[in-house]
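Proteins get letters first, then strands, A, B, ... in listed order; numbering begins at 1 in each.
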Number of protein chains: 2
Amino acid sequence: MAAWRAYLSASHLLERRVEEQLKAESGLTHAQYEILARLSDAPDRRLRMTELARGVVVSKSGLTYQIGQLEKRGLVERATCPSDDRGVLAVLTDRGVECLRRTAPGHVAVVREVLIDLLTPDELEMMTRVMSKVEAATRASAGPLP
Amino acid sequence: MAAWRAYLSASHLLERRVEEQLKAESGLTHAQYEILARLSDAPDRRLRMTELARGVVVSKSGLTYQIGQLEKRGLVERATCPSDDRGVLAVLTDRGVECLRRTAPGHVAVVREVLIDLLTPDELEMMTRVMSKVEAATRASAGPLP
DNA sequence: TGGAGGTTGTTCAAATTCGAACCACTGGAG
DNA sequence: CTCCAGTGGTTCGAATTTGAACAACCTCCA
């Protein structure tokens with residue numbers, strides 16, 4: 001359980017640190033940044049709500065709320081899904097791309113400072129492998145998304 | 001950044017999974033469980049509010065709130081600090097100890113299932129070392145507790 | 001002694017999150 | 001064609017979290 005305790009403290013501290021930096025530099029929440037980043041990597045910079053929710057690991061209602069916030073700021077738009085009238089597509093706007101472009105460097109710098117740069121290449125490789133294993137196992141274990 | 005993305009997904013999923021299990025089995029929040037666990041390990045099962053807040057990595061106001069909740073359920077009491085009239089000690093009650101004793105096995109089982117048992121001994125050792133490094137670095141970098 | 005400056009814990013409003021309930025729509029079975 | 005279980009999103013209420021503002025208290029120096 002020593003590993004678990006160390007992990008817990010580290011993860012809480014990382015979250016606080018990243019949150020603080022993002023909020024100060026760009027006024028974005030970490031959750032919001034993750035949403036923008038996911039959209040930015042998606043084909044056509046758009047994703048179905050449910051798929052996006054899975055990706056960033058947040059509840060459906062949580063995503064609805066955050067997309068609403070991002071829409072207010074003009075960083076994201078909603079579009080109806082052509083193949084399914086129920087579906088909603090979250091689309092990253094040009095303003096969203098711009099915001100991300102401006103914000104990413106500072107964010108990446110902090111992540112390097114508090115995590116990446118502390119690890120040897122071996123540790124980094126193992127970390128990635130371990131976390132991927134954990135992700136796969138956890139997604140399989142309980143309901144993929146309630 | 002692949003390591004970071006993997007870490008983010010895994011940590012969110014872990015948190016959800018653990019939260020779900022605790023809430024279902026004992027009606028405790030993960031934050032509340034961490035508080036009880038910390039108190040249980042402390043000498044005389046009591047800690048100063050600020051020290052406890054540092055330990056579980058939560059804001060002062062957040063801790064005040066959670067201690068209030070735990071007090072309502074009789075799992076924790078407040079005692080005034082003998083050496084400092086401002087100070088407040090959070091004290092784990094017998095009911096609190098009992099609750100923790102009842103809850104811990106299920107919690108530990110889930111943690112093993114989604115993390116510990118997936119790792120080789122080498123990986124576990126490295127994980128602990130890495131997370132401790134991250135914790136130390138992050139605590140040093142920004143203000144210890146705002 | 002007399003504060004000045006820093007700590008400690010609480011209160012307050014605002015933001016975020018979740019789960020449950022709810023509609024609208026899809027995709028087959030009959 | 002019609003109905004019906006299942007999906008996809010949103011809405012709603014409740015719980016939690018945070019930072020800023022406060023009040024009480026300690027510490028140490030002139």
**Prompt:** Just how far, in rounded Å, is C1' of C/dA24 from CE of A/M49?
**Reply:** 16 Å
**Whole-Å distance separating the CG atom of B/D85 from the C1' atom of C/dT8** = 12 Å
**Item:** Separation of atom NZ in A/K72 from atom P in C/dT16, rounded to whole Å
**Value:** 9 Å
**Prompt:** What pairs with B/D41 under salt bridge (Lys or Arg N to Asp or Glu O under 4.0 Å), at least two apart in sequence or on another chain?
**Reply:** none
**Item:** Residue-phosphate contact under 4.0 Å: B/T64 side-chain N/O, C/dT10 OP1/OP2
**Value:** yes
**Request:** Could you check how far CZ of B/R48 sits from C1' of D/dC25, rounded to whole Å?
**Result:** 11 Å
**Request:** Between protein and nucleotides 12-18 of chain D, map the contacts as a letter string: B base, S sugar-phosphate only, - none, heavy atoms under 4.0 Å, written 5' to 3'.
**Result:** ---SSBB
**Item:** Pairing residues for B/T120 by the side chain to side chain contact (heavy atoms under 4.5 Å, CB included) criterion, not counting sequence neighbours
**Value:** B/D122, B/E123
**Message:** Could you list the cluster mates of B/Y65? Members are the ILVMFWY residues connected by side-chain heavy atoms closer than 4.5 Å, either directly or through other members.
**Reply:** none
**Request:** Calculate the interatomic distance between B/L22 atom CG and C/dG19 atom P; express it in whole Å.
**Result:** 14 Å
**Message:** Tell me the interatomic distance from A/I67, atom CD1, to C/dT16, atom C1', rounded to whole angstroms.
**Reply:** 15 Å
**Request:** Please list, chain by chain and in numerical order, all residues satisfying side chain to side chain contact (heavy atoms under 4.5 Å, CB included) with B/L100, sequence neighbours excluded.
**Result:** B/Y33, B/L36, B/S40
**Item:** B/R46/B/E77 ion pair, N-O < 4.0 Å
**Value:** no
**Request:** Report the distance from atom CD1 of B/I35 to atom P of C/dG9, rounded to the nearest whole Å.
**Result:** 14 Å
**Complete:** Sequence neighbours excluded, the answer for side chain to side chain donor-acceptor pair (under 3.5 Å) partners of B/E19 is B/K23
**Prompt:** Please give, in whole Å, the distance from C/dT10 P to B/L52 CG?
**Reply:** 11 Å
**Request:** Establish, with yes or no, whether the OP1 or OP2 oxygen of D/dG6 is under 4.0 angstrom from a side-chain nitrogen or oxygen of A/R86.
**Result:** no
